[in-house]
Amino acid sequence: MRILGDDLAHLRATRSSVKWRLFEPDVLPVWVAEMDAQPCAPVVEAVTRAISNGDTGYGWAPPFQEAFADFAARRWGWAVEPKTLGLVPDVMGGIAEILHLLPGDAVVVSPPCYESFFGFVESVRKRAVLAPLDSAHRLDPDALEGAFADAGAGAAYLLCNPQNPTGTVHTPAELAMLARLADRYDVQVISDEIHAPLTHPGVTFTPYLQVPEATRGLAVVSASKAWNLAGLKSALTVAGPECRVLDEMHEVVTHGANHLAVIAQTAAYVEGEDWLEQVHGELADNRRLLQALLSEALPQVRIAPAEATYLSWLDCTDLGLADPTATFLERGRVALADGWRYDPERGRQWARFNHATSPEVLAEAVRRMAASL
């Protein structure tokens, strides 16, 4: 049975999340990073059991900490001491709390990157400094150094690892370069590794804190993207051996972690790898299908090479449209994510397409996009 196999009628009838309800019913949503997936059975069983037993109190971290540490060791050879992991409400909520603790007034980001980075920087009343990725969507040493100098000591750098929306998986050499620059300019690196389990087969993911130079860094991790648990929010913080920022985080921050989310994500890490492997196979098929569909119906649209995530970063420049995503929505009734949200300066001709859905939805989306021109 396919995990990503539900037909359009079934999805419309059973999904009530923002992905399916934000736009009018005739709009096909391929925008937000949420899979149209059948759930992981061990997760369903764990959450159902907890609700049936009335186990709906406050979260308890140790099983979650141990589950992630074991998963990280199996998956990436990353040795993490479970007791050092901190519980936070979710990845971006945890990052916001960390940003509040830093003395600098600036946060450096590397667009195209997760669009909420910009919103959270605004929410903590700090200024965003841009260090754009290079033309191959990789970390640019010169851009980073210039941005770090501008941001000043005590600033933060939000690393998207792997990168959303481009799917770039940063190499150990790139991460080491970043760590050295951060130390030189006294910038705190905070690595968002929510997409790490979605690194494509055959590609090696390197956790930022696995790099020897990254001893002062931080990472925030969660099972929410890989197992489609965005509605069950919880996350863990990981600090490098020389990082002291988390020592200042008040214990009350941990209270926001959802107990059912902790249970769900623990089950995912412990018992959900078979489900994850099947998803990887189906996502690989979907990537090939999307490429074939676009090559036939919209050959002007190019997909950026990706090594992770279920998100396709589409270059629509050759279509000659002032606003590609608006055209696809208004004329084709397909909702993609606006590229400028991920890269305010260079992203207007780009769009993010979520291909974690059924082949039927992929085919219909591309058909509508082509018909809109």
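If you're wondering where the values come from, they're calculated on a predicted model, not measured in any experiment.
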Side-chain (Asp90) to main-chain (Ser234) donor-acceptor, under 3.5 angstrom
no
Sidechain N-carboxylate O distance under 4.0 Å for Arg368, Asp26:
no
Would you call the rings of Tyr269 and Phe68 parallel, tilted or perpendicular, where under 30° means parallel and over 60° means perpendicular?
perpendicular
Should Leu144 and Leu178 count as side-chain neighbours, where that means a heavy-atom distance under 4.5 Å?
yes
Does Asn53 reach the main-chain N or O of Arg49 with its side chain, forming a donor-acceptor pair under 3.5 Å?
yes
Leu319/Leu373 under side chain to side chain contact (heavy atoms under 4.5 Å, CB included): CA gap, chis, key distance, verdict:
CA-CA 8 Å; Leu319 293 176; Leu373 302 181; 3.7 Å; yes
Answer yes if Leu8 and Val27 sit in the same cluster of Ile, Leu, Val, Met, Phe, Trp and Tyr residues linked by side chain heavy atoms under 4.5 Å apart, and no otherwise.
no
Got a salt bridge between Asp338 and Arg341, using NZ or NE/NH1/NH2 to carboxylate O under 4.0 Å?
yes
Counting neighbours of CG on Asp55 that are heavy atoms of other residues, nucleotides or ligands and sit closer than 6.0 Å, is the number greater than 12?
yes
Would you mind telling me which of Gln300, Arg302, Gln349 makes a side chain to side chain donor-acceptor pair (under 3.5 Å) with Asp315?
Arg302
Are Leu283 and Phe353 in one and the same hydrophobic cluster, where Ile, Leu, Val, Met, Phe, Trp and Tyr link if side-chain heavy atoms are under 4.5 Å apart?
no
Using the six-membered ring wherever Trp is involved, compare the ring planes of Trp227 and Trp275 and label them parallel, tilted or perpendicular (cut-offs 30° and 60°).
parallel
Is there a path of hydrophobic side-chain contacts, each under 4.5 Å between heavy atoms of I/L/V/M/F/W/Y residues, joining Val108 to Leu130?
no
Would you call Lys126 and Asp105 a salt bridge, using N to O less than 4.0 angstrom?
no
Looking at Glu360 and Arg2, does any basic side-chain N land under 4.0 Å from a carboxylate oxygen?
no
Pair Arg216 + Glu242, salt bridge at N-O below 4.0 Å
no
Does NZ in Lys233 sit with more than 12 non-hydrogen atoms of other residues, nucleotides or ligands closer than 6.0 Å?
no
Side chain to side chain contact (heavy atoms under 4.5 Å, CB included) between Leu159 and Ile190, worked out:
CA-CA 6 Å; Leu159 172 66; Ile190 306 168; over 6 Å; no
Grouping I, L, V, M, F, W and Y whenever their side-chain heavy atoms are under 4.5 Å apart, do Val220 and Met249 come out in a common cluster?
yes
Give the intermediate values and the outcome of side chain to side chain donor-acceptor pair (under 3.5 Å) for residues His137 and Thr168.
CA-CA 7 Å; His137 297 142; Thr168 303; 5.2 Å; no
Do Val187 and Tyr208 sit in the same hydrophobic cluster, where Ile, Leu, Val, Met, Phe, Trp and Tyr count as joined when their side-chain heavy atoms come under 4.5 Å apart?
yes
Are there more than 12 heavy atoms of other residues, nucleotides or ligands under 6.0 Å from atom CD of Glu277?
yes
Is it the case that over 12 heavy atoms from other parts of the model lie below 6.0 angstrom from the CD atom of Glu251?
yes
So which atom in Leu99 and which in Ala156 form the shortest heavy-atom distance, rounded to 0.1 Å?
CD2-CB, 3.5 Å
Could you walk me through whether Gln38 and Asp6 satisfy the side chain to side chain donor-acceptor pair (under 3.5 Å) test, starting with their C-alpha distance in whole Å, then the side-chain angles of each, then the deciding distance to 0.1 Å, before giving a yes or no?
CA-CA 8 Å; Gln38 288 297 309; Asp6 286 345; 2.7 Å; yes
Closest approach of Ile303 to Gln291 (non-hydrogen atoms, all atoms of both residues):
CD1-OE1, 3.7 Å
The ring pair (Phe, Tyr, Trp, His ring centres under 6.0 Å) partners of Phe23 (sequence neighbours excluded) come to Trp31
Pair Glu193-Ser191, side chain to side chain donor-acceptor pair (under 3.5 Å): steps then yes or no:
CA-CA 6 Å; Glu193 301 189 351; Ser191 184; 2.8 Å; yes
Begin from the C-alpha positions of Leu87 and His255 and carry the test side chain to side chain contact (heavy atoms under 4.5 Å, CB included) through to its verdict.
CA-CA 8 Å; Leu87 185 65; His255 297 181; over 6 Å; no
Mind running side chain to side chain donor-acceptor pair (under 3.5 Å) on His170 and Gln163 for me, showing each step along the way?
CA-CA 8 Å; His170 307 297; Gln163 196 85 8; 3.1 Å; yes
Run through Phe118, Trp313, Trp350, Phe117 and flag the one making a ring-ring contact (aromatic ring centres under 6.0 Å, His included) with Tyr342.
Trp313
Within the side chain of His100, is there an N or O that forms a donor-acceptor pair under 3.5 Å with the backbone of Ile95?
no
Looking at Arg352 and Asp343, is there a salt bridge between them, counting it only when a charged N and a carboxylate O are closer than 4.0 Å?
no
Taking the side chain as every heavy atom from C-beta outward, state whether Phe71 and Glu273 have any pair of such atoms under 4.5 Å apart.
yes
Ion pair check, Arg15 and Glu34, cut-off under 4.0 Å
no
Could you report the tightest heavy-atom contact between Thr199 and Pro162, atom names first, then the distance?
OG1-CG, 3.9 Å
